[in-house]
Amino acid sequence: MSEFLSQHPRTHTCNQLTKTESGNEVVLVGWVQGLRDHGGRRFIDLRDRYGITQIVFKPETDAKLHARAHELRSEWCIGVAGTVEDRIGNGGSPNLKLKTGEIEINANQLEVFSEAQALPFMVEDHIDTHEEKRLAHRILDLRRKPMQDNFALRHRVVQATRRYFDKNDFLEIETPMLVKYTPGGARNFLVPSRLVPKNFFALAESPQLFKQMFMMSGFDRYFQIVKCFRDEDLRGDRQPEFTQIDVEMSFVTEKDVQAMSEGLMVRIFQEALGVQLQTPLLRMTYDEAMDRYGCDKPDTRFGLEHIDLTSLLSDLQSGGVPLFEQTLANKGMIKAMVLPKAHELSRAELDKLEDVVKQLGGQGLGRAKVAESGTAWTQSPFAKVISAEAIKAINEKCLAKDGDVILMQMGRPKLVHTVLSGLRLHLGAKLGLISNGNQTTWNLLWITDFPLFEYDENQKTYAAAHHPFTSPKMGDENLLKENPGACYAKAYDLVINGNEIGGGSIRIHDPVVQAKVFDALGISKEAQEEKFGFFLKALCYGTPPHGGIAFGLDRLCMLLSGSQSIRDVIAFPKTQRGVDVLTGAPSPVDTKQLRELQIITLP
RNA sequence: GGGGUGGUAGUUAAGUUGGUUAUAACGCCGGCCUGUCACGCCGGAGGCCGCGGGUUCAAGUCCCGUCCACCCCGCCA
């Protein structure tokens, strides 16, 4: 063990010392960030979590020490004792980029705590290394300032959250992670039980039922910063284990939950970024969002809104275009988006949009360039067949002027929306319509009035759009039996710059209504009892009206930090395949242990 | 499950119609250097071209398969 620290305890961090401390004897510890060896003057940048301080080794201070400094290498972990000196007074020049740039430490003691091998990549702010390598050497990656900043920010978000809810009388209570397996919804990770052989726990997808039972227990206001687990395919903003800020309140309406959530956002943005949000936030119904953006999490920082031409073309007998006619006959939808002349794209660039459309699953991209004072189309496959009346009507409906290009998608509504909203985001980025970097715009909005159910074409059944404990809108419970597809839900999502950051709802507190929803979902009485019997029973002892919300902490931190990936705000994330390349998880286990669990694996 | 992009030195990349010894920058190693802070100068080492097969006189380059990473669709109540 090193005696150095007992004789020379750390006196300062590497971001503290200024000319005020000139002449002081200090001790700094940290990592060698860089070396500049001038023979008679050896400089190193010493880095710790807080910043960087220059150390200088001089032969006239200690010839032996000066010689030893020659051996130092990048990322060695060292301790230095020395005198704070004014750089200018020493004949040097200040480094205005550093807070400590006017001073340096003239070293008189050096301790090498630990050497470092040659590095797989340099520890610097802007690295251009494949993520695979960063993950494999995560400790080096995490030493980089942008990563250190990300986790400091995440800490501030978490602390702000705890302070906010504490101040508002919420109780932070933990819920189980090993929970009852319930099929439906996200796929569960399974954990075999040794004590109850051949039976499995699921890792909790969310604490949904537990937090509702807290309300039945009379806890009134609950929150938790909690890990959740979902065994689904990964994305840049999805990890198999992730963290939610989970919230539930009794005796509230949608507005109450939203107001409490807005207060949280105000506090987080204030404490994490120093940004003042304006509340109340904007609200948009799900139907409006789908109509204008084809998406339930629209990025409202730019235009390029969608225009629905379906009824217009229906009125015009498809304008004589066979493709439109076919679409309408198949109960399809026709939507358009206008690319303004101001953002004119070359024909080659427009052709490339076809590839984008195909990647999104579309067949192709209908397009038309408006000409002759809005009476004609050029560069369009439809131009030859479409009626003059239809051209004029579409141009007017799209408010398209000469030189604008109308982009069209048609077919099944779901696909039209996927393709056209994907194309919209692509164009927003390509045309530079989304501000980024320092000039950050924060568009927060609520999406409200979601449908209660979605029809599953494959299964030929309804599925809960949010989850099956979501309350129907007032009056819609009467539709549950006859027309479930027409029911709306007391559900809401919080969207920030096109990212779904939170989602919640008012829950069902009436066991009769809850049973009706299960019926509509096609879950038999027996299955209801088997899967949710404990919960249905719990509902029967005086359940308060209640509702809540859950926020994706990782996504929120990703946005606030300006990170491109959720992995940059998770210390040890998994890759796209759900693998931890650092530790090698998942891995095979001993057959002895499998036998104990009464599990065999297929060859 | 499907589509796309990529994998060449420690790192990031270049590598022509297949053709001698596979380049460069940074990093690394050695030397010089008393005011640097992207220090500078001189010298040097470093390669299973992801992996496996095939075509060919000859493959980093062409073909087939496969693995890995990233992005997207499906999926994620």
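Lettering of chains follows the sequences in order, A, B, ..., and the numbering in each one begins at 1. Only this structure's heavy atoms are used, side chains among them; waters, hydrogens and symmetry mates stay out.
Taking only side-chain atoms of A:Met122, from C-beta outward, the nucleotide of B:G10, B:G27, B:G74 with the closest atom is B:G27. The nucleotide whose nearest atom lies closest to any side-chain atom of A:His38 is, among B:C70, B:G7, B:U36, B:U36. Counting only heavy atoms from C-beta on, A:His130 has its side chain closest to B:G7 among B:G74, B:C37, B:G7. Taking only side-chain atoms of A:Leu360, from C-beta outward, the nucleotide of B:G10, B:U12, B:C72 with the closest atom is B:C72. The side chain of A:Arg577 lies closest to B:A69 when the candidates are B:A69, B:G74, B:C37. Candidate nucleotides B:U34, B:C70, B:C76 were compared by shortest atom distance to the side chain of A:Glu60, and B:U34 ranks first. Out of B:C75, B:C33, B:C72, the shortest distance to the side chain of A:Asp37 is found at B:C33. Nearest nucleotide to the side chain of A:Pro59, out of B:U34, B:U36, B:G27: B:U34. Here the side chain of A:His70 is nearest to one of B:G7, B:G31, B:G35, namely B:G31.
Rounded to whole Å, the separation between the P atoms of B:G31 and B:C72 comes to 50 Å. Comparing the C1' positions of B:U34 and B:G40 gives a spacing of 14 Å, expressed to the nearest Å. Remark: the separation of the P atoms in B:G19 and B:A38 is 42 Å, to the nearest Å. With C1' as the reference atom, B:C67 and B:A45 are 31 Å apart, rounded to whole Å. The separation of B:G60 from B:U21, taken at their P atoms, amounts to 12 Å, rounded to a whole angstrom. When the P atom is compared between B:C75 and B:G7, the two are found 32 Å apart, to the nearest whole Å. When the P atom is used for both B:U56 and B:U16, the distance is 23 Å, rounded to whole Å. Nucleotides B:G53 and B:G1 place their P atoms 26 Å apart, quoted to the nearest Å.
Residue A:Pro468 is in base contact, counting any heavy-atom pair closer than 4.0 Å across all strands shown. Heavy atoms of A:Ala463 sit nowhere under 4.0 angstrom from any nucleic acid atom. Nucleic acid contact for A:Asp231: none, since no nucleic acid atom lies under 4.0 Å from a heavy atom of the residue. Contact annotation for A:Gly361: no contact, since no heavy-atom pair falls under 4.0 Å across all strands. Residue contacts shown for A:Glu454 are absent, as no nucleic acid heavy atom lies under 4.0 Å away. Counting any heavy atom pair closer than 4.0 Å across all strands shown, A:Leu98 reaches no nucleic acid atom.
More than 12 heavy atoms of other residues, nucleotides or ligands lie within 6.0 Å of CD in A:Glu349, so this atom counts as buried by the packing criterion. By the 6.0 Å contact criterion, CD on A:Gln564 is open, its count of non-hydrogen atoms from other residues, nucleotides or ligands being 12 or less. Open room surrounds OH on A:Tyr488; 12 or fewer heavy atoms of other groups in view lie less than 6.0 Å from it.
Under the Watson-Crick and G-U wobble criteria, each requiring two contacts below 3.5 Å, nucleotide B:G6 is paired to B:C68. B:A22 is unpaired under the criterion used here, namely a Watson-Crick or G-U wobble arrangement in which both key atom distances are under 3.5 Å. Figure legend. B:A58 is base-paired to no nucleotide; pairs are counted as Watson-Crick or G-U wobble with both atom distances under 3.5 Å. The partner of B:G46, taking Watson-Crick or G-U wobble pairs whose two distances both stay under 3.5 Å, does not exist in any strand shown. Across all strands shown, nothing is found opposite B:G27 as a Watson-Crick or G-U wobble partner with both distances under 3.5 Å.
Partner of A:Asn106 under the side chain to side chain donor-acceptor pair (under 3.5 Å) criterion, chosen from A:Thr61, A:Asn90, A:Thr83: A:Thr61.
Distances shorter than 4.0 Å separate none of the side-chain N or O atoms of A:His426 from OP1 or OP2 on B:C72. Residue A:Arg567 places at least one side-chain N or O closer than 4.0 Å to OP1 or OP2 of B:C71. At the phosphate of B:G74, OP1 or OP2 sits under 4.0 Å from a side-chain N or O atom of A:Thr418. Using a 4.0 Å cut-off, no side-chain N or O of A:Arg42 falls inside it from OP1 or OP2 of B:U34. Here A:Thr129 does not reach the OP1 or OP2 of B:U11: none of its side-chain N or O atoms lies under 4.0 Å away. Taking side-chain N and O atoms only, A:Ser93 has a distance below 4.0 Å to OP1 or OP2 of B:U36. Of the side-chain N and O atoms in A:Arg36, none sit less than 4.0 angstrom from OP1 or OP2 of B:C33. Residue A:Gln576 places at least one side-chain N or O closer than 4.0 Å to OP1 or OP2 of B:C71.
When only modelled atom types and interatomic distance are considered, A:Arg412 and A:His417 share no side-chain donor-acceptor pair under 3.5 Å. Using modelled atom types, one finds a donor on one side chain and an acceptor on the other under 3.5 Å when comparing A:Asp580 with A:Thr583. Residues A:Thr448 and A:Glu254 bring no donor and acceptor atom of their side chains to less than 3.5 Å of each other. Donor-acceptor pairing under 3.5 Å is recorded for the side chains of A:Asp519 and A:Gln528. The closest side-chain donor-acceptor pair between A:Gln208 and A:Gln212 falls under 3.5 angstrom.
Atom P of nucleotide B:C28 and atom CZ of A:Arg73 are separated by 8 Å, given to the nearest angstrom. The CD1 atom of A:Ile55 sits 15 Å away from the C1' atom of B:G35 (whole-angstrom rounding). A straight line from CG of A:Asp128 to C1' of B:A24 spans 15 Å, rounded to a whole angstrom. Between A:Leu234 atom CG and B:C72 atom P the separation is 11 Å, expressed in whole Å. When the C1' atom of B:C29 is taken as reference, atom CG of A:Leu72 falls 16 Å away, rounded to whole Å.
Under the stacking definition used here (centres under 5.5 Å, planes under 30°), the residue A:Phe43 qualifies as stacked on the base of B:U36.
Judged by distance alone, with hydrogens and angles left aside, A:Glu104 brings a side-chain donor or acceptor within reach of the base of B:G35, the pair sitting under 3.5 Å. In this model, a side-chain donor or acceptor of A:Arg238 finds a partner on the base of B:C76 within 3.5 Å. One can find a donor-acceptor pair under 3.5 Å joining the base of B:G74 and the side-chain atoms of A:Asp233.
In this structure, A:Asp125 does not pair ionically with A:Arg144, as no charged nitrogen and carboxylate oxygen lie closer than 4.0 Å.
Between A:Arg41 and A:Glu71, the residue anchored nearer the 5' end of RNA chain B, judged by the nucleotide with its closest heavy atom, is A:Glu71. With RNA chain B read from its 5' end, the first of the two nearest nucleotides for A:Ser565 and A:Lys133 is the one closest to A:Lys133.
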